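I have placed the structure first, in the form of structure tokens, so that the comments after it can refer back to it.
Bear in mind the structure is a predicted one, so any value in this text is a computation, not a measurement. Below, read A as the first sequence line, B as the second, and so on, with proteins coming before strands; counting in each chain starts at 1.
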There are 2 protein chains.
Amino acid sequence: MLKLSKKTDYAIILLAHLGGQIDPVSAQEVASIYKLPYPMVANILKQLLSSGLIKSTRGQNGGYVLRRSAGDINLSEIIRITDSTFALVECVHEEDACKVYQCCPTSRPLIALHHKIQQFVEDTTLANIIEDTKSKNFRVKKSSYETAHLS
Amino acid sequence: MLKLSKKTDYAIILLAHLGGQIDPVSAQEVASIYKLPYPMVANILKQLLSSGLIKSTRGQNGGYVLRRSAGDINLSEIIRITDSTFALVECVHEEDACKVYQCCPTSRPLIALHHKIQQFVEDTTLANIIEDTKSKNFRVKKSSYETAHLS
DNA sequence: TGAAATAGTACTAATTAGGTGCTAATTTGA
DNA sequence: TCAAATTAGCACCTAATTAGTACTATTTCA
Ligand code: SF4
Ligand code: SF4
């Protein structure tokens, strides 16, 4: 369906929040701030932890903090963790994955398109997202053309 | 999962084939050429027909031809027909679609990213795809950088 | 008339996404 | 020391979407 899963979508919100904090933030806290279902948030954080993107402290006043700087984390990596490795078409990473590959005339242009989109998501860092976040209140006043300073 | 559905993937193959022919091509024929399951191909062609992308002739020697020129059909339209309207995140086309929109800090940068990708798929016409298709045999010999003349 | 083909619709099966529950382990602070 | 807060690690369930199939009717042409 060519859209980000909720898991990835929420993960981006969570990471963007952690990126703006210094002290650990608990799953409880971040779920209530953004009105997200706590169990989902907890699950996603656990997955981000086991993938090494964040680190945790247990017990009272515990929570999560980013393990690396926001500028070092790109969107491609987040998608890979919470969704799966991005592949516009199956044959991008493994030619054998698609049984019609040998007959397929359009794999080449589709793979080329894949790489262009891939470049975008790799160039978009968490720091970029956090930066862009700050002006949310002006969204409705600006034209869509002016939102393009993302990369 | 951020990938094209098989339906869209196959639709592109079918349309690219029709774009290279003058006489009507039957579902049977195109299915056998590309080793695709006939029922799927037939279904997809029916959907492309009802969406006005192709036209049909029935009976013996019948089949399908493009209704418009390949240069007039872009990837965005194909995706809209066989998948659904592209939306990287739900809030792109309708803010109310996502219940956390009011609290969401990251919608702005994600919508910006959406528009960039959208621009790509709109700029990619069926004619571009057909053109790029011709050099498939050189794919393995070329670096991925050289595949970029798509848009 | 009969074979080849589309037209339309309805259906099933497999996979994925979204969301929940439970129990153990750890830390803090009263 | 003990209870509360919190993460850790699973296993599970349900709904939605995708992939693929089936069947019947209609049209065309030889
Ligand atoms: S582009 Fe062709 S080879 Fe690649 S996944 Fe799609 S059908 Fe298969
Ligand atoms: S970006 Fe935010 S508002 Fe948009 S769909 Fe995702 S969670 Fe909802």
Side-chain angles (χ1 to χ4, degrees), chain A residues 1-11 13-14 18 23-32 35-65 67 79 81-87 89-90 97-100, chain B residues 1-11 13-14 18 23-32 35-65 67 79 81-87 89-90 97-100:
Chain A
M1 216 188 170
L2 210 52
K3 80 172 180 196
L4 290 183
S5 68
K6 282 282 177 218
K7 216 166 137 186
T8 300
D9 199 359
Y10 293 169
I13 296 178
L14 303 181
L18 296 189
D23 294 327
V25 184
S26 75
Q28 202 62 260
E29 190 180 342
V30 72
S32 79
K35 309 254 200 305
L36 301 173
Y38 167 75
M40 282 241 76
V41 168
N43 263 346
I44 295 168
L45 287 168
K46 281 180 250 189
Q47 194 171 352
L48 294 173
L49 178 86
S50 73
S51 307
L53 227 52
I54 58 182
K55 54 188 174 185
S56 67
T57 32
R58 296 206 214 189
Q60 256 178 337
N61 308 321
Y64 300 91
V65 292
R67 184 177 284 276
I79 291 171
I81 291 168
T82 54
D83 237 39
S84 64
T85 302
F86 169 53
V89 284
E90 287 178 359
C98 179
K99 58 196 173 197
V100 306
Chain B
M1 217 186 166
L2 209 53
K3 79 171 182 198
L4 290 182
S5 69
K6 281 283 176 219
K7 215 165 139 187
T8 299
D9 200 358
Y10 293 168
I13 296 177
L14 303 181
L18 295 189
D23 294 326
V25 184
S26 75
Q28 203 62 261
E29 190 181 343
V30 72
S32 79
K35 308 253 199 306
L36 300 174
Y38 167 75
M40 281 241 75
V41 168
N43 263 347
I44 294 168
L45 287 168
K46 281 179 251 188
Q47 194 172 354
L48 293 173
L49 177 86
S50 73
S51 308
L53 227 52
I54 59 182
K55 54 188 175 185
S56 67
T57 31
R58 296 206 213 189
Q60 258 179 335
N61 309 322
Y64 300 91
V65 292
R67 182 176 286 276
I79 291 171
I81 291 169
T82 54
D83 237 39
S84 64
T85 302
F86 169 52
V89 284
E90 288 177 357
C98 180
K99 58 195 172 196
V100 306

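For the pair Tyr10(B) OH and dT18(D) P, the computed distance is 15 Å after rounding to whole Å. Whole-Å rounding puts the Leu2(B) CG to dT18(D) P distance at 13 Å. The CG-C1' distance, from Leu36(B) to dA19(D), rounds to 13 Å in whole Å. Going from atom CD1 of Ile79(B) over to atom P of dT18(D) covers 13 Å, rounded to whole Å. One can place CG of Leu49(A) at 7 Å from P of dG9(D), the figure rounded to the nearest angstrom. Atom P of nucleotide dA19(D) and atom CD of Gln47(B) are separated by 12 Å, given to the nearest angstrom.
Of all heavy-atom pairs spanning Ile79(B) and Leu2(A), the tightest one is CD1-CD2, 4.0 Å. Nearest heavy atom pair, residue Thr8(A) against residue Asp83(A), reads OG1-OD1, 3.2 Å. Ala42(B) and Ala27(B) make their closest contact through CA-CB, 4.3 Å (heavy atoms, listed as atom of the first residue, atom of the second, distance). Closest non-hydrogen pair, Tyr38(B) versus Ala31(B), comes out as CA-CB, 3.9 Å. The two atoms that bring Gln47(A) and Ile81(A) nearest to each other are NE2-O, 2.8 Å, heavy atoms only.
Here the range on DNA chain C touched by chain A, meaning any atom under 4.0 Å from one of its heavy atoms, is dG18(C) to dG29(C).
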Q: Please test Arg67(A) against Ser51(A) for side-chain contact (heavy atoms from CB on, under 4.5 Å), starting from the C-alpha separation and ending with a verdict.
A: CA-CA 11 Å; Arg67(A) 184 177 284 276; Ser51(A) 307; over 6 Å; no
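Side-chain contact check for Lys6(A) versus Glu90(B): some heavy-atom pair is nearer than 4.5 Å.
Comparing Asn43(B) and Ala27(B), the nucleotide of DNA chain C nearest to each residue sits closer to the 5' end for Ala27(B). Heavy-atom nearest nucleotides on DNA chain C were determined for Pro39(A) and for Tyr38(B), and the one closer to the 5' end corresponds to Tyr38(B).
Atom-to-atom distance recorded for Thr82(B):OG1 and Leu14(B):CG is 10.0 Å, nearest 0.5 angstrom. For the atom pair CZ (Phe86(A)) and CG (Leu4(A)), the distance works out to 10.0 Å, reported to the nearest 0.5 Å.
No contact: Leu45(B) has no heavy atom under 4.0 Å from any strand. Among the atoms of the strands shown, only primed sugar atoms or phosphate atoms (P, OP1, OP2) are found under 4.0 Å from some heavy atom of Lys6(B).
The stretch residues 52-64 of chain B touches DNA chain D through Arg58(B), Gly59(B), Gln60(B), each having a heavy atom within less than 4.0 Å of the strand.
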